[in-house]
Q: 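Following this message is one structure expressed as structure tokens.
Note on naming: letters A, B, ... go to the chains in the order of the sequence lines (proteins, then strands), and numbering restarts at 1 for each one.
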Amino acid sequence: MAISNNKLTNDQYSDNFSDIHPPFENKTAALVDANRCLFCYDAPCTKSCPTSINIPKFIKQISSDNIKGSAHTIFVSNIMGAGCSKVCPVEKLCEGACVYNLLEEEPIPIAKLQRYSTEQAMENKWKLFDRKPSRGKKVAIVGAGPAGLSCAHVLSREGIDVTIYEKEPKGGGLMTYGIAAYKVTPEFCEDEVNYIISIGGIEIKYNQTLGKDVSLEQLQNSYDAVYLGIGVGVARQLDIPGEEMEGVVDAIGFIYNLRANGFPSVPVGDKVAVIGMGMTAIDAATQAKRLGAKEVTLVYRRTEAEKPCTDVELDIAKLDGCKIIWLAAPAAIKGNENKVTQLICSKMKLGEPDASGRRSPVDTGETFTLDVDMVIKAAGQVPFMELVDQYRINNKNGRITIDNNATSVKGVFAGGDCVNGGKEVVDAVQAGKDGAAAILKYLFP
Amino acid sequence: MADISANFLGIKSPNPFWLASAPPTDKKYNVLRAFEAGWGGVVWKTLGSQVKNVSSRYSSVDFNGGRVMGFNNIELISDRPLDINLKEIAECVKLFPDRAMIVSLMADNDKESWHELIKKVEDTGAHGFELNFGCPHGMTERGMGAAVGQDPVIAKMVVEWVMEAATIPVITKLTPNVHSVVPTGQACVEAGTNALSLINTIQSVTGIDLDTFVPNPNVGGKSAFGGYCGPAVKPIALKMLTTIAQNPVTGKVPISGIGGISTWKDAVEFMLLGSTTVQVCTAAMKHGFRIVEDMIEGLNNWMDEKGFRTINDFIGKSVNTLTNWEDLDINYHIIARIDQDKCIHCGLCYIACEDTSHQSINLAYGKPYNTYSVKEEECVGCNLCKLVCPVENCITMEVHRKGEEYLNWKEFQRQGLPLNDH
């Protein structure tokens with residue numbers, strides 16, 4: 001057993017990380033599904049989309065050969081509509097609400113149709129938005145993730161000049177650095193960012209970390225308003241013995257690494273345990289397997305009924321051959337010469353409902369041992385508490401508190417994961433739109 | 001098992017399904033394949049003056065992804081040499097003596113040409129003629145086809161010429177490119193035609209290519225009005241058929257129904273409105289001759305279910321259910337009902353009624369699913385919601401009579417009853 005990189009050949013890597021949801025092969029295929037859409041009124045799919053994309057309209061526009069119009073319909077509500085078509089958990093959003101489900105029929109493949117239109121827009125670099133004439137105001141946005149980009153695009157359309165400060169060398173945020181590569185490629189994410197800022201009026205300054213390279217005061221002084229879309233930070237610690245050993249990594253870092261540095265460079269164990277059962281846990285487990293781990297086990301302290309990931313995501317993990325252990329909480333990590341060899345788990349049972357409304361896991365006192373050489377922690381991320389405290393921004397355990405998208409600091413707004421603690425990309429896009437609306441109201445009362 | 005055989009003026013066929021005069025019936029090869037597939041008869045593609053065809057010839061109208069809802073052609077009558085057609089007709093009659101062989105004719109506009117053509121075709125052993133007074137393109141410019149059918153006087157004259165020479169039954173095929181098919185139909189019956197068939201194709205422009213700006217079908221950058229047929233024309237054909245079936249003169253002769261028939265159900269509808277046989281073209285051109293299998297089985301099963309022994313038991317059964325508007329019962333009133341268990345919350349009934357009808361459907365907001373219910377007092381019973389609802393039997397129309405007695409518009413006016421309450 002050993003952790004090593006370069007476990008596979010290049011062909012194996014590209015097979016393992018090819019698009020999990022391939023696009024329509026051709027126009028005819030897209031039309032078959034587009035024509036199935038009933039064009040619902042006050043459509044349940046639209047109401048289930050956090051950005052309220054007018055889905056029946058964009059599908060109808062595919063049917064009528066108005067792909068440009070279709071892409072505009074999508075982007076006007078969700079400027080990351082191309083990326084969202086690949087990463088949204090649609091089974092619990094638009095497609096989950098499709099009325100065909102009520103007929104026990106396959107729902108309309110909304111994401112695939114959305115990809116069909118948006119991909120053509122990006123490939124052909126269609127200019128679908130014009131900026132209003134400059135209104136002489138400047139806004140700084142911290143973070144070029146979904147919230148920041150979405151906020152920037154709305155502001156730019158309205159004639160505001162936007163500068164984005166991004167701590168990474170690339171934009172896109174967790175879309176670029178935190179999602180399984182078989183859903184979106186880093187190249188796609190880069191194209192998407194470039195397409196969004198092609199409207200003009202948006203400058204991204206890379207490698208600029210708030211609190212290090214630039215301060216909030218500087219931004220407040222140089223701009224008419226500031227928007228914080230800084231996301232969430234480090235992985236939540238397990239706080240168990242052995243956590244510091246070699247072979248224990250956090251899922252966000254693991255995924256960041258393979259997206260930023262390429263598959264062959266990322267070390268992975270032969271026997272890997274992944275702690276958690278959220279979307280990131282699944283992304284980490286499946287990608288560990290696809291990088292060449294022989295055995296991957298997902299360990300979750302509650303049961304399937306309480307899992308945060310969707311059934312579709314769990315199925316991906318199962319199909320990749322990952323094992324699942326329910327009702328198990330990590331208790332200790334054992335090792336040899338500071339290298340992980342075992343994960344000790346407590347057997348749990350379900351107790352009373354907790355604050356989330358889910359039944360909480362209770363330790364039975366029994367334990368079991370997994371032989372592993374790598375542990376990936378995916379038990380959630382912790383907000384940037386120190387940073388927001390440093391700027392005296394009201395927060396709750398690091399999560400920024402907002403009132404109509406405004407923070408407690410005048411002229412400073414916030415949204416996305418840094419406010420909600422970590423939700424979907426599509427939620428962050430909506431937060432960015434809401435933030436932009438609040439900023440416009442603030443700038444032009 | 002029901003007996004679905006047809007007897008049309010003594011011309012017998014094992015079923016009432018004939019192929020209409022068109023490309024599928026223009027040569028022995030196709031006709032033998034059709035008979036092998038089970039078709040009861042064919043109307044051989046029109047013989048007559050020599051013609052030359054162009055390329056391309058067809059175009060169509062698609063709807064919501066469905067192909068060929070309507071079909072259009074600018075092809076002319078048979079462009080094969082007459083003697084080859086005659087030889088092949090004779091061979092087909094010999095090989096399938098139990099099938100109906102009707103030959104469509106369109107001679108030059110003089111008596112001698114018609115008489116000569118009739119003589120030659122009768123020698124093949126064919127069972128009947130169908131006079132093509134309907135072709136709407138090409139031939140009309142030469143005074144034939146629809147040019148004959150659109151003028152009752154000319155039509156009558158030609159039928160009289162034909163009846164002088166013909167010794168086998170004559171069917172006259174009517175053009176729909178008139179304000180009413182009845183005058184020509186009547187003239188032809190008075191001139192002695194033994195039967196009528198309808199409709200021929202309807203003049204049309206099916207669409208324009210938005211890149212070239214040339215309508216379809218494109219013949220070297222130009223197009224011409226074509227003849228429209230297929231499922232799209234069925235309702236028009238049924239209406240015209242009804243006027244022929246209800247007319248005291250034309251209603252006396254047998255009718256062969258044509259116009260968008262694709263399934264056994266379509267065929268039954270034509271028969272209920274007075275057709276003894278039906279003719280099919282577009283559906284066969286789209287799917288091949290095999291479609292007749294389901295037509296035969298479907299008709300049989302339906303007749304067994306309804307207890308009809310022969311097709312004569314139901315032919316014409318619906319003719320008298322079509323009446324004048326002013327004879328309809330104003331006291332008959334229906335109200336829509338939405339079955340909440342079946343409703344999938346698509347909102348299509350709501351938006352149709354709200355935007356374009358009588359604002360009779362209530363929307364109770366829900367996320368993501370709204371609830372829709374009928375405001376009974378507002379509903380006029382128009383059927384729109386039921387028509388747009390995608391779920392079978394989710395919206396039903398329930399009878400809530402306004403009064404016990406039958407009350408028509410004439411009586412309503414006579415009594416001076418109040419007008420619209422909406």
Q: Does any heavy atom of chain A fall under 4.5 Å from the side chain of B:Val391, the backbone, both, or neither of them?
A: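 Only the side chain of B:Val391 comes within 4.5 Å of chain A.
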Q: Other residues, nucleotides and ligands only: do more than 12 of their heavy atoms fall within 6.0 Å of NZ on B:Lys265?
A: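 No, because the 6.0 Å sphere around NZ of B:Lys265 holds 12 heavy atoms or fewer from other groups.
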Q: Give me the atom names and distance for the closest heavy-atom approach of B:Ile344 to A:Val99.
A: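 Of all heavy-atom pairs spanning B:Ile344 and A:Val99, the closest is O-CG1, 2.9 Å.
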Q: For atom CZ of B:Phe225, is the number of surrounding heavy atoms from other residues, nucleotides or ligands below 6.0 Å larger than 12?
A: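 Atom CZ in B:Phe225 is not crowded, with 12 or fewer foreign heavy atoms closer than 6.0 Å.
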Q: Is it the backbone or the side chain of A:Cys45 that comes under 4.5 Å from a heavy atom of chain B, or both, or neither?
A: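 Neither part; nothing is under 4.5 Å.
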Q: For A:Lys57, does the NZ atom sit with more than 12 other heavy atoms under 6.0 Å from it, leaving out its own atoms?
A: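 For A:Lys57, atom NZ is not crowded (no more than 12 foreign heavy atoms under 6.0 Å).
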Q: Can you tell me which portion of A:Leu31 sits under 4.5 Å from chain B's heavy atoms? Options are side chain, backbone, both or neither.
A: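 Answer is neither: A:Leu31 stays 4.5 Å or more from chain B.
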Q: Using the test side-chain hydrogen bond (donor to acceptor under 3.5 Å, both in side chains), find all partners of A:Lys60 that sit at least two apart in sequence or belong to another chain.
A: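 For A:Lys60 there are no side-chain hydrogen bond (donor to acceptor under 3.5 Å, both in side chains) partners, ignoring immediate neighbours.
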Q: First locate atom NZ of B:Lys367, then atom CG of A:Asp42, and finally report the distance between them rounded to the nearest 0.5 Å.
A: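 Between B:Lys367 NZ and A:Asp42 CG, I get 10.5 Å after rounding to 0.5 Å.
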Q: Should the heavy atoms of other residues, nucleotides or ligands under 6.0 Å from CD of B:Gln340 be counted, would the total exceed 12?
A: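 Enclosed.
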Q: So which heavy atom on B:Gly366 is nearest to which on A:Lys47, and how close?
A: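 In this case the closest contact between B:Gly366 and A:Lys47 is O-NZ, 2.7 Å.
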Q: Under a 3.5 Å distance rule, please check whether B:Tyr369 uses its side chain to pair with a backbone N or O of A:Ala97 as donor and acceptor.
A: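 Judged by distance alone, yes, a pair lies under 3.5 Å.
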Q: Report which part of B:Phe63 has an atom under 4.5 Å of a heavy atom belonging to chain A: side chain, backbone, both, or neither.
A: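 Nothing of B:Phe63, per the 4.5 Å heavy-atom cut-off to chain A.
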Q: Is there a side-chain contact between B:Leu210 and A:Asp65 in this structure, where contact means two heavy atoms from C-beta onward sitting under 4.5 Å apart?
A: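 No. Closest side-chain heavy atoms not under 4.5 Å.
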Q: A:Tyr41 versus B:Asn370: any side-chain heavy-atom pair under 4.5 Å?
A: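 Result no, sub-4.5 Å side-chain heavy-atom pair not found.
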Q: Just wondering, are more than 12 heavy atoms of other shown residues or ligands nearer than 6.0 Å to OH in B:Tyr29?
A: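 Open: at most 12 neighbouring heavy atoms sit under 6.0 Å from OH of B:Tyr29.
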Q: With a cut-off of 6.0 Å (strictly less than), are more than 12 heavy atoms of other residues, nucleotides or ligands near NZ of A:Lys127?
A: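 For A:Lys127, atom NZ is crowded (more than 12 foreign heavy atoms under 6.0 Å).
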